[in-house]
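Read through the structure below, which is laid out as structure tokens, and then see the notes.
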Amino acid sequence: MAPPPESSKTAKLERYNSYIRRVNSTKLLNASSKLLFRATLLIALALVLFFTLNYPPLSSSSDHAPHRRSFLSSTFSSAGGAAWEKQVRHSSTPRRPNGFSVLVTGAAGFVGSHCSLALKKRGDGVLGLDNFNDYYDPSLKRARQALLQKHQIFIVEGDLNDGPLLTKLFDVVPFTHVLHLAAQAGVRYAMQNPQSYVASNIAGFVSLLEVAKSANPQPAIVWASSSSVYGLNTENPFSELHRTDRPASLYAATKKAGEEIAHTYNHIYGLSLTGLRFFTVYGPWGRPDMAYFFFTKDILQGKPIDVYRTHDQHEVARDFTYIDDVVRGCLGALDTAQKSTGSGGRKKAPAQLRVYNLGNTSPVPVGRLVGILESLLGTKAKRHVVTMPRNGDVPFTHANVTLAGRDFGYKPTTDLATGLRKFVKWYVSYYGVEPRSKKDTRLATAATGTDRPEESD
Ligand SMILES: O=C(O)[C@H]1O[C@H](OP(=O)(O)OP(=O)(O)OC[C@H]2O[C@@H](n3ccc(=O)[nH]c3=O)[C@H](O)[C@@H]2O)[C@H](O)[C@@H](O)[C@H]1O
């Protein structure tokens, strides 16, 4: 057989070489894609680690003990990111000359939401902090949050006991003031869940003060104490000079502890601290765990209500204080708060330390409160008069507000009937309560009232 011509040999060799080149380049391509894939995986892992270590995860408490969110949710939440910081800065920037930059803790709460709106309206910067716990219906807290959002107030969802989160907030914003209203409230619930009072009112307060004392500048702090610190005091009306060393409930004891803790941080670190003793605050957007609120609900539903009497068969009375009066008191306290004197954890000079009653100065028996509600709701209550259980309640409260009047012009202006009318108007509108009959004209009028439901004015 004749040998193949030279040209056909070359062509075969060329085809073979080209095949080898193709195989090699495919291998190379496979190898480089693998390399690329591994490198991407490594970078992603590094990023995950970076964000986990550098940014504080938000903590949220659906029980009453603070806890952190899961690894995944904290890693991929927007907290600590550029967009989050922008929101935090925007919300806390004042819009008036020499305006305050205020951190409001418990901003989704009753008093917190009202104060946040009032501060924002006059041009102060407000950043909220709230853990949205489920002590009472969290949907009410979310509704208040939505209202604040409409007014450009951002609420960071987190717990007081989350030190790294608080530090981060103070790193981002040089707060001039803190209005500290986050707390475990309620006198009687303290027998069911005592630890929640210690976690919020003592540990949480210390956590906040620890961060505030190290901040530079240190903020001035105004915070919510309680009329309950007067406990078994029998002198009347209650003055800031009276004894407060006989609390009747654990709630009262934690608030009294807060006052002593405030003294310590003022003494050691030069923090300016003002405690406000609130007297049974009520009004629109109020707390569903309070008597005036659940009495309204139960009366409308035809359910019986327990009206307490003292053990010696006297009427129980409270110095019920309308929310707008309390808001004015809080703003007055902020306006007259002097600057803290320390910086970076060091005291430079003595600082202001104050305590004030914020009450209404005219106690009303609970039976009378029920009577006002009956008339506003156009429905008779099924009263069940019982002797007050031993649950931490005190028989009566009555504020002397001379000191707050003298120092920042505090003067309550709303009597219980006027305040409850505004509350009922809000209640029927918020919960969409229909009048039960055409005869319920008062309720119908309240439901269609012209006041904006979201405001308490
Ligand atoms: O000033 C405060 O420092 C506290 O005020 C509020 O506590 P209180 O004054 O106890 O309010 P609230 O529960 O509405 O009971 C009102 C009245 O109804 C009576 N009461 C209560 C329940 C009931 O079933 N029957 C009844 O007669 C009861 O005996 C009382 O006389 C806040 O909740 C608390 O967080 C704290 O801020």
Inter-residue atom distance [X].[atom1] - [Y].[atom2], 0.5 Å rounding:
| X | Y | atom1 | atom2 | result |
| --- | --- | --- | --- | --- |
| Ile221 | Ser272 | CD1 | OG | 8.0 Å |
| Arg406 | Thr402 | CZ | OG1 | 9.0 Å |
| Asn131 | Glu157 | CG | CD | 8.0 Å |
| Ile202 | Asn161 | CD1 | CG | 11.5 Å |
| His151 | Leu117 | NE2 | CG | 5.5 Å |
| His398 | Ser362 | NE2 | OG | 7.0 Å |

Specify the closest pair of heavy atoms between [X] and [Y], including all atoms of both residues, with the distance to one decimal.
| X | Y | result |
| --- | --- | --- |
| Pro284 | His114 | O-NE2, 2.9 Å |
| Asn266 | Leu271 | ND2-O, 2.9 Å |
| Thr321 | Asn360 | OG1-N, 3.2 Å |
| Asp407 | Thr336 | O-CG2, 3.6 Å |
| Tyr292 | Arg287 | OH-N, 3.7 Å |
| Phe205 | Gly258 | CE2-O, 3.4 Å |

Parallel, tilted or perpendicular: which describes the rings of [X] and [Y], with under 30° parallel and over 60° perpendicular?
| X | Y | value |
| --- | --- | --- |
| Tyr230 | Phe279 | tilted |
| His263 | His267 | parallel |
| Phe423 | Trp426 | tilted |
| Tyr189 | Tyr135 | tilted |

Q. Tyr251 ring centre to Lys256 NZ or CZ under 6.0 Å, with the angle to the axis within 45°?
A. no
Is a side-chain N or O of [X] found less than 3.5 angstrom from the main chain of [Y], in a donor-acceptor match?
| X | Y | result |
| --- | --- | --- |
| Thr280 | Phe320 | no |
| Thr93 | Arg89 | yes |
| Ser226 | Phe278 | no |
| Thr105 | Leu129 | no |
| Asp319 | Thr361 | yes |
| Tyr427 | Trp285 | no |
| Ser92 | Val126 | no |
| Arg309 | Thr387 | no |
| Ser200 | Tyr197 | no |

Q: Output, in order, the C-alpha distance, side-chain angles, deciding distance and verdict of side-chain contact (heavy atoms from CB on, under 4.5 Å) for Gln149 and Ile153.
A: CA-CA 5 Å; Gln149 187 71 47; Ile153 301 168; over 6 Å; no
(Q) Counting the benzene-type ring for Trp, do Phe238 and Phe396 have ring centres under 6.0 Å apart? (A) yes
Q.
Taking the six-membered ring for Trp, are Phe170 and Phe175 closer than 6.0 Å centroid to centroid?
A. yes
Q: Kindly write out the residues that satisfy ring-ring contact (aromatic ring centres under 6.0 Å, His included) with Tyr265, not counting sequence neighbours, or none if the list is empty.
A: Tyr269
Q. Taking C-beta and beyond as the side chain, do Val394 and Arg318 meet within less than 4.5 Å on heavy atoms?
A. yes
Q | Side chain proximity check, Leu276 to Val222, heavy atoms < 4.5 angstrom | A | yes
Q.
The criterion is side-chain hydrogen bond (donor to acceptor under 3.5 Å, both in side chains); which residues satisfy it with Asp415, sequence neighbours excluded?
A. Thr418
Return yes when atom [atom1] of [X] has more than 12 non-hydrogen atoms of other residues, nucleotides or ligands closer than 6.0 Å, and no otherwise.
| X | atom1 | answer |
| --- | --- | --- |
| Arg122 | CZ | yes |
| Asp245 | CG | yes |
| Arg383 | CZ | yes |
| His384 | NE2 | no |
| Arg96 | CZ | yes |

Q: Just do the salt bridge (charged side-chain N to carboxylate O under 4.0 Å, His left out) check on Glu85 and Lys168 with the steps written out, would you?
A: CA-CA 10 Å; Glu85 283 195 19; Lys168 175 82 191 162; 3.0 Å; yes
Q. Is there a salt bridge (charged side-chain N to carboxylate O under 4.0 Å, His left out) between Arg328 and Asp325 once you walk through the steps?
A. CA-CA 5 Å; Arg328 274 192 288 276; Asp325 289 325; 2.8 Å; yes
Q: Show your working on side-chain contact (heavy atoms from CB on, under 4.5 Å) between Val156 and Val88 and close with a plain yes or no.
A: CA-CA 8 Å; Val156 172; Val88 165; 4.2 Å; yes
Q: Report the C-alpha distance between His177 and Ser101 in whole Å, list the side-chain angles of each, state the deciding distance to 0.1 Å, and finish with yes or no for side-chain contact (heavy atoms from CB on, under 4.5 Å).
A: CA-CA 6 Å; His177 296 76; Ser101 186; over 6 Å; no
Q: Could you walk me through whether Arg277 and Glu259 pass salt bridge (charged side-chain N to carboxylate O under 4.0 Å, His left out), step by step?
A: CA-CA 10 Å; Arg277 293 175 179 166; Glu259 293 187 356; 2.7 Å; yes
**Q.** salt bridge (charged side-chain N to carboxylate O under 4.0 Å, His left out) partners of residues 173-195, not counting sequence neighbours, each pair once
**A.** Arg188-Asp393
Q | Audit row: Ser239, Asn400, side chain to side chain donor-acceptor pair (under 3.5 Å) steps and yes/no | A | CA-CA 5 Å; Ser239 140; Asn400 173 334; 5.2 Å; no
Q: Evaluate the side-chain contact (heavy atoms from CB on, under 4.5 Å) criterion for residues Tyr322 and Tyr282: first the C-alpha distance (whole Å), next the side-chain angles of each, then the deciding distance (0.1 Å), finally the verdict.
A: CA-CA 5 Å; Tyr322 189 62; Tyr282 72 99; 3.7 Å; yes
(Q) side chain to side chain donor-acceptor pair (under 3.5 Å) for Ser225 and Lys255? Distances and angles first, verdict last. (A) CA-CA 5 Å; Ser225 183; Lys255 285 295 181 181; over 6 Å; no
